[in-house]
Protein chains: 2
Amino acid sequence: MTAKAPGAGSPAGSRPEEPSEQKSTRERILDIALELFTEQGYDKTSLRQIAARLGFSKAAIYYHFASKEDILMELHLRLHEFGRGILANIDAGKMSLGLAAEILDQLVEQMMGHRALFVLFQRNQAALDELHRERHDGAHEDVEILFRRVLSSQQIPLRDRVRIACALGAVMGGVLFSGDVFSDVPAEDMRGMLQDAARALLAPEG
Amino acid sequence: MTAKAPGAGSPAGSRPEEPSEQKSTRERILDIALELFTEQGYDKTSLRQIAARLGFSKAAIYYHFASKEDILMELHLRLHEFGRGILANIDAGKMSLGLAAEILDQLVEQMMGHRALFVLFQRNQAALDELHRERHDGAHEDVEILFRRVLSSQQIPLRDRVRIACALGAVMGGVLFSGDVFSDVPAEDMRGMLQDAARALLAPEG
DNA sequence: GTCTATATAGGGATAGAC
DNA sequence: GTCTATCCCTATATAGAC
């Protein structure tokens, strides 16, 4: 809680893809971190490694981030950003198979567009959980939390709840595989097929 | 590679649920490890913690296991055991939506029956990957690897490949949620609904 | 803004007593 | 079969020079 750096106060103000400008050091740290955290896992990645890739020393990172966890937190906040548009639509009170299908349509789009971030947190759930445990500051309205609330709602028929859970799993699984076994398939085709799959699961009759 | 202990050579010989006998220390270590690894993550769990729960010191664990990784490996092997029956049925050469549905039926059954192990490795993929990287000894015919092979097969129509991937994601997601938001639902009901969902995704028309 | 040097802690693992 | 004591390494993080 000591370091104060250039872009420290504007997590949403820094765009991931700048036109032609060269990225700030802070941005580059985040990029490398995303890469290494995903490949090796958050815990097995040291600040030393991140610094080495960027050509400077470990200690320099502390100018830009107060702690290793802060790097993960910042990446986490970005994922939140992208989930923002979806949040408003999720309401356990008035949920239906049809509405779930619409939400999943958006979700697929967001996940496909920010696959790297999505994979990162899919592969580092343990680290994320700890983050949530320690810093439950801010009304932490997470997409995942809202989904859990929907899935727990007793106002929705059990079969529908299960179907929504499966549809969520289906699209998540699809996105995960899309960069791997389906890397040859155009993203748009993938997106369409995943959305179709979700709709198949959420059809009233099935 | 130093420690040789009582049950060291019989990973499959020790049953998880013994009638009324008290479990061996080795078995108890594995139980606690499964619990802590799942809750906190493999990397954030220290041998000290495991030992503390069992009432003895960290060093004592080294009598039963050669390393921390060995504990994870043993748990991994158990998961393999349960996947054995499924392995034989997976063949990229003659895969179809119908066959996939049958395989997923078995998979749901196995996953529901050994949910704890399944969740462990779902939440510690990074650690598992490293395990596979370092010790790729033995014909490591993993269910996951075989599934990837099927999903990559060019002999299967793309749409079917995606559908199978989604069905896999659907049942995995369902099983993951089953101990959480669906903890009140009887396992058998869950199993049936998940199998139905998989079939809905794998229907020729959808 | 990046460095060196250092403090401090905790981890995995070994040796050997009991 | 479990313990104590210890080694060695790497990690995060801090202080302060440039």
Side-chain angles (χ1 to χ4, degrees), chain A residues 1-10 14 21-33 36-37 39-75 124 126-127 130-131 134-135, chain B residues 1-10 14 21-33 36-37 39-75 124 126-127 130-131 134-135:
Chain A
M1 286 257 194
T2 349
K4 267 282 160 62
S10 56
S14 44
E21 286 282 335
Q22 51 197 13
K23 291 179 178 177
S24 67
T25 300
R26 183 183 171 85
E27 213 68 42
R28 286 162 61 221
I29 291 173
L30 287 169
D31 286 348
I32 300 292
L36 292 179
F37 287 173
E39 277 174 21
Q40 316 177 330
Y42 172 75
D43 295 284
K44 290 214 162 60
T45 302
S46 67
L47 296 181
R48 200 194 301 276
Q49 272 182 298
I50 297 175
R53 281 243 193 152
L54 289 166
F56 48 71
S57 101
K58 180 180 64 161
I61 293 184
Y62 284 92
Y63 174 76
H64 301 277
F65 296 92
S67 70
K68 183 185 179 185
E69 226 180 21
D70 268 20
I71 300 179
L72 188 66
M73 188 52 145
E74 173 92 19
L75 291 170
N124 288 279
E130 220 199 0
L131 210 65
E134 292 175 6
R135 335 237 281 234
Chain B
M1 287 255 195
T2 347
K4 269 282 163 63
S10 56
S14 43
E21 285 283 333
Q22 51 197 12
K23 291 180 179 177
S24 68
T25 300
R26 184 183 171 86
E27 214 67 43
R28 285 162 63 221
I29 292 173
L30 287 169
D31 285 348
I32 301 291
L36 293 179
F37 287 172
E39 276 174 21
Q40 316 177 329
Y42 172 76
D43 295 283
K44 290 214 163 59
T45 302
S46 67
L47 296 181
R48 200 193 301 276
Q49 272 182 298
I50 297 175
R53 281 242 193 152
L54 289 166
F56 48 72
S57 100
K58 182 179 62 159
I61 293 185
Y62 284 91
Y63 174 76
H64 300 277
F65 295 92
S67 69
K68 182 186 179 185
E69 226 179 22
D70 268 21
I71 300 178
L72 189 66
M73 189 52 146
E74 173 93 19
L75 291 170
N124 288 280
E130 219 199 1
L131 210 64
E134 293 175 6
R135 333 238 281 234

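Quick caveat: nothing in here was measured; it's all calculated off a predicted structure. To find a chain, count down the sequence lines: A is the first, B the second, and so on, and within it residues start at 1.
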Atom of B:Lys68, atom of B:Asp43 and distance for their closest heavy-atom approach: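 Shortest heavy-atom separation between B:Lys68 and B:Asp43 comes out as NZ-O, 3.8 Å.
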For B:Phe37 against B:Asn124, the heavy-atom pair lying closest together: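 B:Phe37 and B:Asn124 have their closest heavy atoms at O-ND2, 3.3 Å.
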Rounded distance in Å - [atom1] ([X]) to [atom2] ([N]):
X	N	atom1	atom2	answer
A:Lys44	D:dA11	NZ	C1'	14 Å
B:Phe65	D:dT2	CZ	P	12 Å
A:Tyr62	C:dT4	OH	P	16 Å
A:Asp43	D:dT12	CG	C1'	13 Å
B:Tyr63	C:dA17	OH	C1'	16 Å
A:Lys58	C:dT6	NZ	C1'	10 Å
A:Leu47	C:dT2	CG	P	15 Å
B:Arg28	D:dG1	CZ	C1'	12 Å

Please determine, for the side chain of [X], which listed nucleotide ([options]) has the closest atom?
X	options	result
A:Ala59	C:dT4, C:dA15, D:dA13	C:dT4
A:Phe56	C:dC3, C:dG12, D:dC3	C:dC3
B:Ser46	D:dT2, C:dT2, C:dG12	C:dG12
A:Arg48	D:dA5, D:dT12, C:dG12	D:dT12

Verify the contact: side-chain N or O of A:Ser67 to OP1 or OP2 of D:dT12, cut-off strictly under 4.0 Å; return yes or no.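 Negative; the distance criterion is not met.
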Does C:dC3 have its OP1 or OP2 closer than 4.0 Å to a side-chain nitrogen or oxygen of A:Ser57?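 For C:dC3, OP1/OP2 do have a side-chain N/O of A:Ser57 under 4.0 Å.
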Side-chain donor or acceptor of B:Lys68 under 3.5 Å from a matching atom on the base of C:dG11?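 For B:Lys68, whose side chain was compared with the base of C:dG11, there is no donor-acceptor pair (under 3.5 Å).
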Sequence neighbours excluded - salt bridge (charged side-chain N to carboxylate O under 4.0 Å, His left out) pairs with any residue from residues 48-63 of chain A: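 The answer is A:Glu35-A:Arg53.
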Backbone of B:Leu36 reached by a side-chain donor or acceptor of B:Glu39 within 3.5 Å: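 The answer is no, because no donor-acceptor pair under 3.5 Å joins these two groups.
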Within the structure shown, what part of the strands sits under 4.0 Å from A:Thr45 by heavy-atom distance: base, sugar-phosphate, or nothing?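 Answer is sugar-phosphate: A:Thr45 comes under 4.0 Å of backbone atoms only.
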Is A:Lys44 close enough and on-axis enough to B:Tyr42, meaning under 6.0 Å and within 45°, for cation-pi?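 Geometry flag: not set, cation outside 6.0 Å or 45°.
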